[in-house]
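The structure appears right after this line, and notes come after that.
Computed over heavy atoms, backbone and side chain alike; hydrogens, waters and symmetry mates excluded. Below, chains carry the letters A, B, ... as their sequence lines are ordered, and counting in each starts from 1.
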Amino acid sequence: MPRETNASRRERAIEVCERLNRRYGPVECFLDHQNPFRLVISVLLSAQTTDAQVNKVTPELFRRWPTPYEMAGASVADVMDVIKSLGFYKTKAKHCVEAAKMIVADFDGEVPSTMRELQKLPGVGRKTANIVLNVGFGIVEGIAVDTHVNRIAHRLALSPKTHEKEPLKTEQDLLKILPHEYWESVNHQWISFGREICSARSPKCAECPLADLCPSCN
DNA sequence: ATCCCGAGGG
DNA sequence: CCCTCTGGAT
């Protein structure tokens, strides 16, 4: 079997986006995003945790520390207590307070709106920065590659296997083959698809709308 | 490469 | 029980 050409890989990637776009349409961000600050905190908290879990703690979190100014003065122990039901709660509590301090001290209380500055915030990496830029500021600079997007990209062989554990490289691969107009919808739509059908554990290949495009499907 | 770390599903 | 969930820092 000959190796797939870049051109056909691109065609397949675009077809994937088209079909998932028809299936899911514009999907909204479920996390609290009343303002960029609450969005950053919510996305930071959502690492390796479902959005539903995050939404359980954010009302109390933002009731007690509504803005970066209050949160910068919070004790890590108190924040920890509020978000204790989330995985990695110790690290996340520290990141919340430290990020709030940095927003106050270095950015005059406003969440920065560039990829470079966002990633200076503790707990904010490339994936979180992409979400904040996109949802919070309407800027589309990349594709947020989380566990779902990463898994789907590799099952569909849109990124080489050698990049399977390197989300940054997977993102670069997707950016290369997908026209910019598709970037924004990838995260939300692929996540919906990943949760509904292309799940990590037992993917429902029998009812998958992309089966004819997927090398992992028998 | 390894650690963080609880809830939920199968 | 074991695996996975909208990752990031060391």
Quiz item: Do Arg126(A) and Asp146(A) sit within salt-bridge range, that is, some charged N less than 4.0 Å from a carboxylate O?
Solution: no

Quiz item: What interatomic distance, in whole Å, is found between P of dC5(B) and the corresponding atom of dT10(C)?
Solution: 14 Å

Quiz item: Using atom P of each nucleotide, how far apart are dT2(B) and dT6(C) to the nearest Å?
Solution: 25 Å

Quiz item: Hey, does Leu45(A) reach any base, or is it just sugar-phosphate, or nothing, if we go heavy atoms under 4.0 Å?
Solution: nothing

Exercise. May I ask you to test the Lys90(A)-Met80(A) pair for a side-chain heavy-atom distance under 4.5 Å?
Key: yes

Quiz item: When we call it a touch if two heavy atoms are under 4.0 Å apart, what does Ser199(A) touch: a base, just sugar-phosphate, or nothing?
Solution: nothing

Quiz prompt | Within residues 148-175 of chain A, residues whose heavy atoms come under 4.0 Å of DNA chain B | solution = none

Practice problem: Quick one: closest heavy-atom pair of Lys127(A) and Ala144(A), and the distance? | Solution: O-CB, 3.9 Å

Quiz prompt | Leading and trailing nucleotides of DNA chain C with any atom under 4.0 Å from heavy atoms of chain A | solution = dC3(C) to dA9(C)

Quiz item: Which is true for Val124(A) with a 4.0 Å heavy-atom rule: it touches a base, it touches only sugar-phosphate, or it touches nothing?
Solution: sugar-phosphate

Exercise. Could you tell me whether a side-chain N or O of His180(A) sits under 3.5 Å from a main-chain N or O of Gly142(A), the two making a donor and an acceptor?
Key: no

Quiz item: Looking only at atom types and distance, does a side-chain atom of Glu70(A) sit under 3.5 Å from a main-chain N or O of Thr67(A), one as donor and one as acceptor?
Solution: yes

Quiz item: Mapping Val43(A) and Leu121(A) to their closest nucleotides on DNA chain C, which lands nearer the 5' end?
Solution: Val43(A)

Quiz prompt | Heavy-atom donor-acceptor pair, Asp173(A) side chain to Leu175(A) backbone, under 3.5 Å | solution = no

Exercise. Answer yes if the side chains of Glu141(A) and Asn134(A) hold a donor-acceptor pair under 3.5 Å, and no otherwise.
Key: no

Self-check item: Under 3.5 Å donor-acceptor, Arg38(A) side chain and Leu31(A) backbone
Solution: no

Exercise. Check whether any side-chain heavy atom of Lys92(A) lies under 4.5 Å from a side-chain heavy atom of Thr49(A), and answer yes or no.
Key: yes

Practice problem: Using a 4.0 Å cut-off on protein heavy atoms (strictly under), produce a 5'-to-3' string for nucleotides 5-10 of chain B with B for base contact, S for backbone-only sugar-phosphate contact, and - for none. | Solution: BBSBBS

Self-check item: Ser42(A) side chain vs Val40(A) backbone, donor-acceptor pair below 3.5 Å
Solution: no

Exercise. Please confirm whether the backbone N or O of Leu213(A) pairs with a side-chain atom of Arg12(A), one donor and one acceptor, at under 3.5 Å?
Key: yes

